[in-house]
Amino acid sequence: MSKLLENLNAEQFAAVTLPPQAALILAGAGSGKTRVLTTRIAWLLQTGQANPASILGVTFTNKAAKEMLTRLGAMLPINTRGMWIGTFHGLCNRMLRAHYREAALPQTFQILDTADQLAAIKRLLKTLNVDDEKFPPRELQHFINGNKEAGHRAAQVEAWDDYTRQRVGLYKEYEDQCQKEGVVDFAELLLRSYELLSRHEPIRRHYQLRFRHILVDEFQDTNRLQYLWLKLLAAHGAETPAAVFAVGDDDQSIYGFRGAEVGNMRDFEREFGVANVIRLEQNYRSHGNILDAANAIIANNSKRLGKNLWTDQGSGEPIRVYEAPGDMDEARWIVEEIQQLIRDGASRSDVALLYRSNAQSRVLEHQLFSSGVAYKVYGGLRFFERQEIKHALAYLRLLANPDDDTAFLRVVNFPTRGIGARSLEQLQDAARSFNTSLYATVPHLAGKPGVAIGGFLRLIEEMRRATDGLPLYEVVDHILDASGLRAHYRAEREGQERLENLDELVSAARYFMNEAEQPPAEGEEALPGDPLSRFLAHASLEAGDHQAEAGQDAVQLMTVHAAKGLEFDAVFITGVEDGLFPHEQSMNDLASLEEERRLMYVAVTRARKRLYLTLAQSRMLHGQTRYAMKSRFFDEIPEGLLKWLTPRVQAGFGAGAYHTPSRNAAWNSQHSSPDAAKRNPGAGAVQKSRDLAGLRIGQLVRHAKFGDGVIIAAEGSGQDAKLQINFGSAGVKWLLLSLAKLEAV
DNA sequence: AAGGGGGGCCTTTTT
DNA sequence: GGCCCCCCTT
């Protein structure tokens, strides 16, 4: 056991060995959070304070859950299967499958992912003849999910105005539709599980008695409902509550926009009477200058629980800043710099390009591509979200649950079998009057439309008969042919990749049965549900990696959000401009600006050795060139930590103070770059234009009243010239050059 | 039923 | 600028 605790620092040690009471671990970036969490579990088990079955480990992502299991497996020669470790949604799914009757769900209930949910809402609006201009489906989806995540059923939503009352009505209709079809969306998994526990005392007691240790990762990301769920499971307020060990970092809370409540951390501390708040502040990832910058930035936020990262690794290099005239120049410079890093011995996968919004990746990709630098973009469609996969899954869903109208409509005419919109409309009308699912309505349908659709029904029934008793992967393989999906994509010119993905789905099913789901060992509870339903749940809950081809040596491109939890030797944070980062839609109220600041904090703390902040004076955005000033976050970093690689005037001084534009020391600091001088692009001298008394578009100017701004457009020339200037918070103004006393900065 | 054209929109995203 | 969605045409 001593071996387990070896090499923990004092705070980590204290956290791991806390008595079994409510505890809050404030784990800074790179402070060994996952290690503490897993070591805690291992320690509880090894000291006999807990047995595997009494442990509940909750994470947000499947990746985190898997990592926890893997690390535990490496620490202890124990069977991890007795523990419940998984995501909130995965655990709720498991619970609902085990108690589907009490939860009032069919045994084979299906899970709607976000896209399925949106489709279901659109369909609902259509059947109810509701104007989707007045109730945009996406907005309604947001409304429904927001309410569910706050723990409110339609009946509990307070509606003060007519519009809200109408939306609540639609929420109710949506609930009914899902119930009728036997499907649940993501938020429903949580809410239904919460209601199951609160309404069925024996079930609640069972789990409360069982899970004596509840460990929660990324606690700052929990929403209200998740917090209530934990509180219920932990038997909060009872004589013998479970020990909740919550790990999180309020400074890294970047999912407020989707319902995360940082306030849960404070509530937890107060409501659970947390006696032990432990701060993990020693950072094992980044050099000192990087941490100093991160600390300085986040210090501007209010209502923090308080934390200051430190390292014993030394201060390292300054933070390099490059300001380019345009986004293309920014990308070009970054790629040249990356090539230099690679020449100096860095490997491509040690380098990350981070951006605030996905749209920024295009220019970077273009530049990387034309320079022949291998790169990999994170984001975009995942395996189980691909069109052909969703089609195949829809057939499987119909096998498992014929009442799933979403699945029915998805494939009733795909591949096309002559079932048009009109016959479907008739079917939907009939289904509404019979109050049955589409599938169940077909036999009631007399006459013409019934003929073609009847053929579809027979196809599904034939599939069901032919696959009865087959192992899962053969079921999948069979429906791919029987449905005509394979034939369809074979005939499509660009269908090759889709065919391969369909084959991959068969492999995924085989893998799922063999590896992911080993049969329970002796004495272990079996996972509830039939294999097909379990596989379909798996497909919804774990849509797969964002991009395969891992391991390849490529520069990593992703949003700052996607970078959370990752680390790289060299990090470029790009587009560090006001309006982009902080994003313009989040600059104007304190709460969202603070979330932007936390996002910057996350971005900065991804870097181990070297950090670059780059920006462009102008960039193509929404189809037009836009001009911006450097991000306000620059002002929050001590000047001494920054090294401007482009000429820059110190604010408040008229002249000079240019920083060296030369190349910096080489990656491993053995030698400096030989072509340094010739690659200095001399930013700022690029856009020569009409005579504007020495001013040019894109230039930074100072106005006595409005402060600093950027010239974004001009009309006329000479002393008649009118200039449009973006003064940031002071607004965008048209000024007459002859009147406005402008000073070039 | 499929493809083209036009209009509106535009952070961040896991489950 | 580009994507998605809708509608219109064929």
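As the structure is a computational prediction, the values presented were derived from the model and not from experiment. Quick note on labels: first sequence line is chain A, next is B, and so on, each numbered from 1. All heavy atoms count here, side chains included; hydrogens, waters and symmetry mates do not.
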It should be established whether [X] places a side-chain nitrogen or oxygen under 4.0 Å from OP1 or OP2 of nucleotide [N].
X: A/N62; N: B/dT14; answer: no
X: A/T559; N: B/dT13; answer: yes
X: A/N223; N: B/dT14; answer: no
X: A/N93; N: B/dT15; answer: no

I want to verify a distance call: between [options], whose nearest atom is closest to the [X] side chain?
X: A/R258; options: B/dT11, B/dT13, B/dA1; result: B/dT13
X: A/A562; options: B/dT13, B/dA2, B/dT15; result: B/dT13
X: A/Q585; options: B/dT11, B/dT13, B/dT15; result: B/dT11
X: A/H561; options: B/dT12, B/dT15, B/dA1; result: B/dT12

Are [X] and [Y] within salt-bridge range, i.e. N to O under 4.0 Å?
X: A/D251; Y: A/R304; answer: yes
X: A/E67; Y: A/K63; answer: no
X: A/D217; Y: A/K33; answer: yes

message: On DNA chain B, compare the nucleotides closest to A/S586 and A/A543; which residue's is nearer the 5' end?
response: A/S586
First encountered from the 5' end of DNA chain B, between A/A187 and A/H622: A/H622
Check: B/dT11 base within 3.5 Å donor-acceptor of A/H583 side chain: no
task: Look at the side chain of A/T114 and the base of B/dT15, then say whether one donor and one acceptor between them are separated by less than 3.5 Å.
output: yes
[X] has an atom [atom1]; how far is it from atom [atom2] of [N], in whole Å?
X: A/Q360; N: B/dT11; atom1: CD; atom2: C1'; value: 10 Å
X: A/H142; N: B/dT13; atom1: NE2; atom2: P; value: 16 Å
X: A/H538; N: B/dT15; atom1: NE2; atom2: P; value: 11 Å
X: A/F414; N: B/dA2; atom1: CZ; atom2: C1'; value: 12 Å
X: A/E149; N: B/dT13; atom1: CD; atom2: P; value: 16 Å
X: A/L536; N: B/dT15; atom1: CG; atom2: P; value: 18 Å
X: A/K564; N: B/dT14; atom1: NZ; atom2: C1'; value: 11 Å
X: A/R138; N: B/dT11; atom1: CZ; atom2: P; value: 11 Å

- prompt: With both distances kept under 3.5 Å, what pairs with B/dA1, Watson-Crick or G-U wobble?
  reply: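 Partner of B/dA1: C/dT10.
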- prompt: Which nucleotide, in any strand shown, forms a Watson-Crick or G-U wobble pair with C/dG2, with both distances under 3.5 Å?
  reply: B/dC9
message: Does any part of the side chain of A/V58, heavy atoms only, come nearer than 4.5 Å to the side chain of A/L215, both counted from C-beta?
response: no
- prompt: Contact class for A/E596 vs. all strands (heavy atom < 4.0 Å): base, sugar-phosphate, or nothing?
  reply: base
- prompt: How far, in whole Å, is B/dT13 from C/dC4 if one measures between their P atoms?
  reply: 15 Å
field: Ring centres under 6.0 angstrom apart (A/H561, A/Y355)
entry: no
message: Tell me if a side-chain donor or acceptor on A/Q110 pairs with a main-chain N or O of A/T108 at a distance below 3.5 Å.
response: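 The answer is yes, because a donor-acceptor pair under 3.5 Å joins these two groups.
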- prompt: Does anyone know the first and last nucleotide of DNA chain C in reach of chain A, 5' to 3', at under 4.0 angstrom to a heavy atom?
  reply: C/dG1 to C/dC5
message: For the residue pair A/R97 and A/F109, would you count it as a cation-pi contact if the rule is NZ or CZ under 6.0 angstrom from the ring centre and within 45 degrees of the ring axis?
response: yes
field: Syn/anti state of B/dT11 by chi, 90° boundary around 0
entry: syn
message: Could you check whether A/S631 and A/E577, counting side-chain N and O atoms only, form a donor-acceptor pair closer than 3.5 Å?
response: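 Looking only at side-chain atoms, A/S631 and A/E577 do not form any donor-acceptor pair under 3.5 Å.
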